[in-house]
Amino acid sequence: MSTSPLLEQLIDALRCLPGVGQKSAQRMAYHLLERERAGGRRLAERLAEAMEKVGHCERCRDFSESPLCPICSSPARDAQTLCIVETPADRLAIETATGYRGLYFVLQGRLSPLDGIGPRELGLDVLAARLATGEVAELIVATNPTVEGEATAHYLAQLARGHGVRPSRPAHGLPLGGELEYTDRGTLAHAFGTRAEILR
């Protein structure tokens, strides 16, 4: 137990971060107070400002400081292609690693009835209204290949077909440069089950 109630409160507050337990929070708090007070003040200011000003884009649900994020408001993006991702981090990964030039829809999660996360919590009513406009021709379902991600993908594919939109899914399988003997059984089985013809 610390002699400083404020220090205890700081340690407890740091524990809200993912993967940060008691010991990690304690190390962070001690570091900020011992060596990085200026950085701590800067962190506090930026954190307070972000909590106040960063909301969600009305169209794609990604994080944004304005009603429409820069991607949704860009006339250079292909509005006929819509990529569904679970998190803003997934959107960023696709944006930086691929040449994708369409638009996004960020679920901010995945279907998980046990956790009380259903279609409404993921904004699927907003997505359905968007698909109903007829503007979207292809829905790329880029949810993670987990049990919940696959269930979400199945639900989204049905939703897309119901609005006359073609659903697609990024290929999952063997990593580029990987070796078969070191590939896990689930990945190998999925790769064989979804194999495609070699094009000329």
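Note that these values count all heavy atoms, side chains included, but never hydrogens, waters or copies made by symmetry.
Between E49 and R46, at least one side-chain N (NZ, or NE/NH1/NH2) sits under 4.0 Å from a carboxylate O, which counts as a salt bridge. Ion pairing of E135 with R77 is absent here, as no side-chain N (NZ or NE/NH1/NH2) approaches a carboxylate O to less than 4.0 Å.
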* **side-chain contact (heavy atoms from CB on, under 4.5 Å) evaluation trace for R130 with L103** => CA-CA 12 Å; R130 192 164 170 185; L103 297 174; 3.5 Å; yes
* For side-chain contact (heavy atoms from CB on, under 4.5 Å), just list the numbers for L6 and Q9, CA-CA rounded to whole Å, side-chain angles, deciding distance to a tenth of an Å, and then say yes or no. => CA-CA 5 Å; L6 279 177; Q9 290 171 29; 4.0 Å; yes
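Around CD of E52, the count of heavy atoms belonging to other residues, nucleotides or ligands within 6.0 Å does not exceed 12. Residue H163 qualifies as enclosed at atom NE2: its count of foreign heavy atoms under 6.0 Å is above 12.
Between L33 and R37 the shortest heavy-atom distance is O-NE, 2.9 Å. Residues R110 and G149 share a closest heavy-atom pair of CD-N, 3.9 Å. Nearest heavy-atom pair across L68 and S66 is O-OG, 2.7 Å. Pairing each heavy atom of C57 with each of S64, the nearest pair is N-CB, 3.9 Å. Considering every non-hydrogen atom in both L7 and A29, the closest pair reads CD1-CB, 4.0 Å.
Here the CG-CD distance, from L14 to Q22, works out to 10.0 Å after rounding to the nearest 0.5 Å. For the atom pair L188 CG and Y182 OH, the distance stands at 14.5 Å (nearest 0.5 Å). Rounded to the nearest 0.5 angstrom, D62 CG and E95 CD are separated by 9.5 Å. Atoms CD1 and CZ, on I71 and R59 in that order, are 12.0 Å from each other to the nearest 0.5 Å. Expressed to the nearest 0.5 Å, how far CD of E8 lies from CD of Q26 amounts to 8.0 Å. To the nearest 0.5 angstrom, E86 atom CD is 11.0 Å from Q108 atom CD.
Each of I11 and L43 belongs to its own hydrophobic cluster when Ile, Leu, Val, Met, Phe, Trp and Tyr are linked at side-chain heavy-atom distances under 4.5 angstrom. Residues V141 and V126 share a hydrophobic cluster, clusters being chains of Ile/Leu/Val/Met/Phe/Trp/Tyr side chains in contact below 4.5 Å. Taken together through direct or relayed side-chain contacts under 4.5 Å among Ile, Leu, Val, Met, Phe, Trp and Tyr, L82 and I94 form part of one hydrophobic cluster. Taking hydrophobic clusters as Ile, Leu, Val, Met, Phe, Trp and Tyr residues chained together by side-chain heavy-atom distances below 4.5 Å, I117 shares a cluster with L124.
Under the side-chain contact (heavy atoms from CB on, under 4.5 Å) rule, R169 has a single partner from T143, I84, I140, which is T143.
Two residues are said to be in side-chain contact when any heavy atoms from C-beta on lie closer than 4.5 Å; L122 and L127 fail this criterion. Under the 4.5 Å side-chain criterion, counting only non-hydrogen atoms from C-beta, P119 is in contact with L111. When side chains are defined from C-beta on, Y100 does not count as touching D78, because their heavy atoms never get closer than 4.5 Å.
Judged purely by atom type and a 3.5 angstrom limit, T152 uses its side chain to pair as donor or acceptor with the backbone of E148. The backbone N or O of L107 lies less than 3.5 Å from a partner atom in the side chain of R61, making a donor-acceptor pair. No donor-acceptor pair under 3.5 Å is formed between the side chain of Q158 and the backbone N or O of Y155.
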